[in-house]
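Structure first, commentary second.
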Amino acid sequence: MGKTFMSSVGTADTMASSSMGDGDPAPKVHGMSDLDLKQLVGDSLDPRQYQDEHWEGSFQDYLNMVSENPMLIRTAHQRLYDMVLSYGVEEIEVDKEAVPFYPFFTDPLEKGKDGIFGLERSLHDLMAMFKASAHGYGPERRVLLLHGPVGSSKSTIVRLLKKGLEKYSCTPEGALYTFSWDIDGEIIPSPMNEEPLLLLPHDVRQKVIAGLQKKASVPYKLRQDFDLSPVSRFYLELLLKRYEGDYSKVFDHVKVHRLIVSEKDRVGIGTFMPKDEKNQDSTELTGDINYRRIAELGTDSDPRAFNFDGEFCVANRGIIEFIEVLKLDVAFLYDLLTASQEHKIKPKKFAQTDIDEVIIGHTNEPEYNRLQSNELMEAFRDRTIKIDIPYNLRLSNEVKIYEKDFGRKRVPGKHIAPHTLEIAAMWAILTRLEEPKKANLSLLQKLKLYNGKSIPGYTRENIRELRDEAAREGLVGISPRYIQDKMSNVLVRDMPCINPFMVMNELEEGLDHHSLISDPETKKHYKDLLIVVREEYEEIIKNEVQRAISADEEAIARLCGNYIDNVKAYTQNERVKNPYTGQDEEPDERLMRSIEEKIEIPDARKDDFRREIMNYIGALAVEGKSFDYKTNERLHRALELKLFEDQKDSIKLTSLVSTVVDKDTQEKIEIVKGRLMKDFGYDEISATDVLNYVASIFARGDTKDE
């Protein structure tokens, strides 16, 4: 393709040069329409949007806009809360409880790239804090601390918030504004991107806000009780002195413009990461003196000689993230206390300066435990709101995490056999669960219960009890990163198909070298859980092979019709006509029980089950509908198992493990393999592997039915 493109360019140059002497326009080069500059730029850039994002106007223009839309002067906490809500809020059921669901955290901005799954409760707690902050109830004066094990999506949540704030600031709903000074032709931006309304005297500003508050469109209390930065205050005083207190003339020097939040440009978003203690300096947070300007201005106490470029300064009007916040030096934590409680920072040689930003940090379990045991950190603990971000405990959500990286579109040229991601996710979640205190409940059953599967004898209240009795569940266990790393190791092998056994072996081998697991008992426990998962996988593929063998819908329908005829006769004390002899006979008890036993219906409950089936059929008849065995999951499964039992000997699946297979058997096996590929998503290799493995199970006589 590159060669063709270069030859096209060469041809164009040749044509252009040969035609210039004649004064004729160069002919159009064929094949270049897809690289038309106007079309390319026009598709990606809207001039009107650019103009909106780069709006400039006078202070009066801004006051007019604020009068029409008071939401322009929201605080950082209010704007962040509204940003998340702008994507909507729904109600979903988690563990049979109604929980708010915020679509924003599925990352609609980048089509799910940073989507978060299974943390509905934690995200609800976080949003509750944002809501209270927006209303000014107190959390806006605290450090929000996301606490959880490594790889539990703490940094992903903050990354989403920062990304969302950037996008929101580009929309009409999320628009915010700041100002610059025009001093004798020199444009001097507000160093901290301050709200233009702060230029008004405090009493005037309060009257303006009180008037705006009366508007019906304002859902919470508006507040802009911050003071100007030292630089803006310097220029305000300079101009007031020049115009002898005439504010109208001062505002002629103010240029208001749209503010677009951008982490890359260090506008409205700050990020601080602890470094080596010897190289740490608190000026990274608050800014530092510009020594070059001192020579010009003659003093280091002139605000113009100070660079307000610390992370607190650049994050004003937005959000600041503290990575591994509890690893900060104590001097940094003092700055953090004042910033959260008072909304002020203390730049070197200047008075305290107001800031308006969301302060959010994250830390892991060991660091937080160290904080709890340090009496000298009591003041910091008192100004912190901890929000637990545990590992996901729901199997379906854990699978979604791995599908983001290892779905079919993400891994071209490799076939990932069915259940590969599911089995890896199942093991990860089992390592995070605490053993249930109820003797009749296994860890695997607990996992299925959490995943929404009904288990006899357990209700909604039981699920709550299980969660309440396991306070640390989800705060320990295997990280999704470990699973992702081991999946990657398997995928780079020169094999066209990846199956669960390969992944399970890789997970087990990796435990011996896991840097975060040093306890031999923990490693043994995790390896024992791999055995549990392996057994569960065997049951899954046995089930699928059974379904593939018994997937003859006509045969199932005939068997169902026969069963229903006998059940009807049994419940109504009638006789059944034998289709072969034409004689009336007693209902076939042996047939009925052979089907019912497949779904573990005891002899004592057979009458109840049969009446239940007939009542259901009767109810459908009243509505003018006919009975379909597929609508009754238990009966459908029982019929499949019965048909499998009747057909497995004729198919002779166990012959797969021998060296000689007759033609008739091979044809039947190919039909079963085709069903596995069509109905369950296997390819040729994985279908053959599964059939061979299940055949070996039957060969050794392990034919337990579910």
Side-chain angles (χ1 to χ4, degrees), residues 395-396 398-428 483-510 530-552 640-641 644 647-648 651-659 661 665-700 702-706:
L395 179 61
S396 58
E398 189 76 7
V399 172
K400 290 177 184 176
I401 295 173
Y402 306 132
E403 284 178 339
K404 283 196 303 181
D405 295 320
F406 307 113
R408 289 186 179 180
K409 293 181 180 179
R410 299 282 295 175
V411 191
K414 293 273 188 180
H415 181 81
I416 299 179
H419 310 297
T420 302
L421 301 182
E422 178 187 350
I423 290 301
M426 189 179 295
W427 178 68
I483 304 293
Q484 291 162 335
D485 291 344
K486 299 309 164 189
M487 279 292 301
S488 299
N489 290 349
V490 177
L491 283 167
V492 295
R493 298 176 188 172
D494 189 19
M495 293 179 174
C497 179
I498 307 302
N499 64 48
F501 287 115
M502 297 177 187
V503 175
M504 283 188 281
N505 290 338
E506 182 70 25
L507 292 172
E508 184 171 9
E509 291 172 9
L530 274 169
I531 297 173
V532 173
V533 170
R534 189 183 297 267
E535 291 173 350
E536 179 66 13
Y537 177 59
E538 289 181 358
E539 290 303 314
I540 290 171
I541 56 178
K542 276 164 53 180
N543 180 10
E544 288 184 341
V545 170
Q546 288 170 348
R547 286 175 180 264
I549 290 173
S550 58
D552 186 341
E640 284 183 329
L641 289 171
F644 167 74
Q647 293 184 353
K648 69 179 180 182
I651 290 179
K652 297 178 183 176
L653 187 63
T654 53
S655 62
L656 265 175
V657 296
S658 66
T659 55
V661 180
T665 300
Q666 187 60 48
E667 288 177 355
K668 291 179 179 178
I669 288 171
E670 288 301 319
I671 291 173
V672 173
K673 189 188 296 184
R675 289 171 180 167
L676 285 172
M677 295 167 66
K678 178 185 175 184
D679 299 336
F680 298 100
Y682 291 89
D683 68 346
E684 179 76 26
I685 297 173
S686 58
T688 302
D689 289 344
V690 162
L691 277 174
N692 277 305
Y693 188 77
V694 173
S696 69
I697 296 175
F698 282 103
R700 67 176 184 252
D702 185 5
T703 58
K704 174 191 167 187
D705 292 331
E706 285 192 351

Within-4.5 Å side-chain heavy-atom neighbours: Ile423 and Met504: yes

For Met487 and Val503, the nearest pair of non-hydrogen atoms, with its separation, is SD-CG2, 3.6 Å

So do Lys673 and Leu691 actually touch side chain to side chain, heavy atoms under 4.5 Å? yes

Could you go step by step and tell me if Leu421 and Glu403 meet the side chain to side chain contact (heavy atoms under 4.5 Å, CB included) rule? CA-CA 8 Å; Leu421 301 182; Glu403 284 178 339; 3.8 Å; yes

One should read off an interatomic distance between Ile669 CD1 and Asn692 CG, to the nearest 0.5 angstrom, of 8.5 Å

Show, in sequence, the C-alpha distance, side-chain angles and deciding distance for Leu395 and Met426, and conclude whether the side chain to side chain contact (heavy atoms under 4.5 Å, CB included) test is met. CA-CA 6 Å; Leu395 179 61; Met426 189 179 295; 4.0 Å; yes

Using a 4.5 Å cut-off on heavy atoms from C-beta on, say whether the side chain of Lys486 contacts that of Val490. no

Nearest heavy-atom pair of Gln484 and Ile401: which atoms, and what distance? NE2-CG2, 4.0 Å

Residue pairs involving residues 490-503 (criterion side chain to side chain donor-acceptor pair (under 3.5 Å); sequence neighbours excluded): Arg493-Glu506

To the nearest 0.5 angstrom, please state how far the CG atom of Asn543 sits from the CZ atom of Arg547. 5.0 Å

Looking only at heavy atoms, what is the nearest atom pair of His419 and Ile540, with distance? NE2-CG2, 3.5 Å

What is the ring orientation for Tyr537 with Phe501, classed by angle as parallel under 30°, tilted 30 to 60°, or perpendicular over 60°? perpendicular

Close side-chain approach of Ile498 and His415, heavy atoms under 4.5 Å: no

Are Met495 and Met502 packed together at the side-chain level, in the sense that at least one heavy-atom pair is separated by less than 4.5 angstrom? yes

Over all heavy atoms of both residues, which pair between Phe406 and Ile416 is shortest? Give the atoms and the distance, please. O-CD1, 3.2 Å

State whether a side-chain donor-acceptor pair under 3.5 Å links Ser686 with Asp683. yes

Please report the C-alpha distance between Arg675 and Phe680 in whole Å, then the side-chain angles of each, then the deciding distance to 0.1 Å, and finally whether the side chain to side chain contact (heavy atoms under 4.5 Å, CB included) criterion is met. CA-CA 8 Å; Arg675 289 171 180 167; Phe680 298 100; 5.8 Å; no

By salt bridge (Lys or Arg N to Asp or Glu O under 4.0 Å) - contacts of Arg534 (at least two apart): none

Minimum heavy-atom separation for Tyr402 and Ala428, please, with both atom names. OH-CB, 4.0 Å

Taking atom CG of Leu676 and atom CG of Asp689, what is their separation to the nearest 0.5 Å? 11.5 Å

Working for salt bridge (charged side-chain N to carboxylate O under 4.0 Å, His left out), residues Lys542 and Glu539: CA-CA 5 Å; Lys542 276 164 53 180; Glu539 290 303 314; 3.1 Å; yes

Closest non-hydrogen atom pair, Met677 against Ala687: CG-CB, 4.0 Å

